[in-house]
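Here's the structure, in structure tokens; my notes come after.
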Protein chains: 2
Amino acid sequence: MTTDTPARLLQLLSLLQTPREWPGSELADRLQVSRRTVRRDVDRLRDLGYPVQATMGADGGYRLVAGKALPPLVLDDEEAVAIAVGLRAGAGHAVEGIEEASVRALAKLEQVLPSRLRHRVNTLGTATSSLVYGGGGDGATIAPETLTVLASATSGHERLRFSYEAADGARTRRLTEPYRLISAGRRWYLVAYDLDRDDWRTFRVDRVGDPFATGARFAPREVPTGDAAEFMRATVWRAAPSFELDVTFDASAAEVTRRLPPSFGTPEATGADSCRLHSTVQDSLEWAAMRLAMAGVDFTVQGPAELAEQVGKLGRRLTRAAPR
Amino acid sequence: MTTDTPARLLQLLSLLQTPREWPGSELADRLQVSRRTVRRDVDRLRDLGYPVQATMGADGGYRLVAGKALPPLVLDDEEAVAIAVGLRAGAGHAVEGIEEASVRALAKLEQVLPSRLRHRVNTLGTATSSLVYGGGGDGATIAPETLTVLASATSGHERLRFSYEAADGARTRRLTEPYRLISAGRRWYLVAYDLDRDDWRTFRVDRVGDPFATGARFAPREVPTGDAAEFMRATVWRAAPSFELDVTFDASAAEVTRRLPPSFGTPEATGADSCRLHSTVQDSLEWAAMRLAMAGVDFTVQGPAELAEQVGKLGRRLTRAAPR
DNA sequence: TCAATTAGGTCGTGAACTGTCCTACATGCC
DNA sequence: GGCATGTAGGACAGTTCACGACCTAATTGA
């Protein structure tokens, strides 16, 4: 009656996303239309590529099942908050290959998230963000807001203003045209054209402060090496130290693989109950020491010396903490 | 022409969710309709409660902004995978108050996730799931699939069949009517009516194996105490041991709060650079020891003795691991 | 000032939507 | 084997609504 067809279709979609079965009569009742129209609407959804499965016979009904295309997700408040918090927690530490998509999804969600929910996400999110890094590491945590602002500006071709902290601690203001946001290991980088310096730069996102999009759009230039990721690697490689891990474990290779994060790679077996791991770690050995400690198996650091130092330091701290 | 109005509205919604501005002419071009119709469609979206902001003047355009209601999210493949993986990672360890919503959202997403994406989620997800618990703890990890199956069956009022491992290790098959899935601390519980035993039971989800919904729907009975959560507490409380933590830190209360997970509560300051924490821990002290180690500040275990033992054990292991 | 954009009114044509019939078919229960 | 209850879908009539074309007003940046 008063509600037009598109609105009704959206409402139907939201009802069908509930994990239960809906008999046509109940849908007709909820949508305030005849049963015939419900059947027609279901047909329309199927035409759109969202397969609605109908179980026939007595106490049959409709339910939305997996198809070729993902239907628009209709979320209630709590679910939206849960997703936002989950993505924020995951945005920082990354899941090996989907970091950029994760940030894109977060930016998309936060763009339309009602402000009352935004507050809840903020309070829950800050309580959680430390959970991922465990408060350890080198303190180079990134605010999820920063990532989403950068992602939005990048894909919207909007100029970006922020303050940047150089390696010597000096802060400068920058006006840039952002091109690509890249996640590499535990770090995020922004490849952008610096309008003040009049040249291309790679920025470490954890050193970016108070970013905001000016609203002015820009016409994309050509990236120097043709590929932003390549440019990032070329400019960053010389600066970032990396360490070659060498650790032996008193447990089977399978056991160790299961208990370590996948980014560590797989150890080679040196016996039924022992194995040896060679791996490359970005730049924070404190983080590596934590992960090794959390594995819950006996191990010995063969190298480098810096890692042994970190592990020893942590061990002494714990020994001190426990009264005999 | 060939595409009807509802489909076009959905497409428009998906375009506007991209974090950029769309001039009306481009939208008209993409949607294959006149500019007038685009304006009408935008009006329709606004009527539906999704505020489309238009910037006037030269190089103006439309973009979707935060409003009162959350619009249906239109995600591309990668974003959907990112969200699913993020939720899976978060589903197990929980974020203090939104665990149930998180699982609900995951169930909703997985219900309609195309199978090709499901595979990607599985491969990425298994690599990640161990990340949260770090492989430590008592090994009582829960497969995200288990949680989503239980959640779907619970909210869909479908009978549930699964195998259950009792405390003595014996596995039995159960046919149940699930009523509520509850997250308490690090554990998940399912309150259900056991059709074989003909009585109400609380199941620990980490001991549930191979759950699947039979498809048969059931009419809800009344939960014994009136509230499922209360029933869960009543049945579980006597079995689960809990410990009273007492730890002093050589750091400010604010610092310690920031570096510990929120479930630990807040310590009381005993000086400018020292504080004391009293807290109750569910049942795994190994986990508590890990979290304390990850805080990165000096501390001393005052009690209980079991915690001191765990911390000491971990400390000795690390000291052994580091060659002097 | 000019150009480019959103905003919105009106009108006529034609398509599309809805409800009310109708029949066919599948399933579970008695 | 019936019977109740559900989906599937065709035909039809009346109404509504969606679309494009054309118009004017208002806003903004160069």
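Numbers restart at 1 for each chain; the letters A, B, ... are given by sequence-line order, proteins then strands. All values derive from a computational prediction rather than experimental measurement.
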Take the protein atom [atom1] of [X] and the nucleotide atom [atom2] of [N], then report the distance between them rounded to whole Å.
{"X": "A:L9", "N": "D:dA18", "atom1": "CG", "atom2": "P", "answer": "13 Å"}
{"X": "B:L45", "N": "D:dA18", "atom1": "CG", "atom2": "C1'", "answer": "15 Å"}
{"X": "A:Q53", "N": "C:dA26", "atom1": "CD", "atom2": "C1'", "answer": "14 Å"}
{"X": "B:D41", "N": "C:dA7", "atom1": "CG", "atom2": "C1'", "answer": "15 Å"}
{"X": "A:R40", "N": "D:dT16", "atom1": "CZ", "atom2": "P", "answer": "17 Å"}
{"X": "B:E26", "N": "C:dA4", "atom1": "CD", "atom2": "P", "answer": "16 Å"}
{"X": "B:E21", "N": "D:dG29", "atom1": "CD", "atom2": "P", "answer": "11 Å"}
{"X": "A:Q32", "N": "C:dG19", "atom1": "CD", "atom2": "P", "answer": "10 Å"}

request  = Starting at OH of A:Y50, measure out to CD of A:Q17 and round the result to the nearest 0.5 Å.
outcome  = 10.0 Å
task = Sorted by first residue and then second, give each side chain to side chain donor-acceptor pair (under 3.5 Å) pair with at least one member in residues 150-159 of chain B; sequence neighbours left out.
result = A:R63-B:E158
ask   = Just by protein heavy atoms under 4.0 Å, how would nucleotides 3-9 of chain D read 5' to 3' in B, S and -?
value = --BSBBB
key: Set of side-chain contact (heavy atoms from CB on, under 4.5 Å) partners for B:D196, sequence neighbours left out   = B:L175, B:D194
key: side-chain contact (heavy atoms from CB on, under 4.5 Å) partners of A:V149, counting only residues at least two apart   =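 Partners of A:V149 under the side-chain contact (heavy atoms from CB on, under 4.5 Å) test: A:L160, A:P211.
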task = Respond yes when some side-chain nitrogen or oxygen of B:T5 is under 4.0 Å from OP1 or OP2 of D:dA18, and no when none is.
result = no
key: With sequence neighbours excluded, residues passing side-chain hydrogen bond (donor to acceptor under 3.5 Å, both in side chains) with A:R171   = A:S163, A:E165
request  = Would you please name every residue forming a salt bridge (Lys or Arg N to Asp or Glu O under 4.0 Å) with B:D29, sequence neighbours left out?
outcome  = none
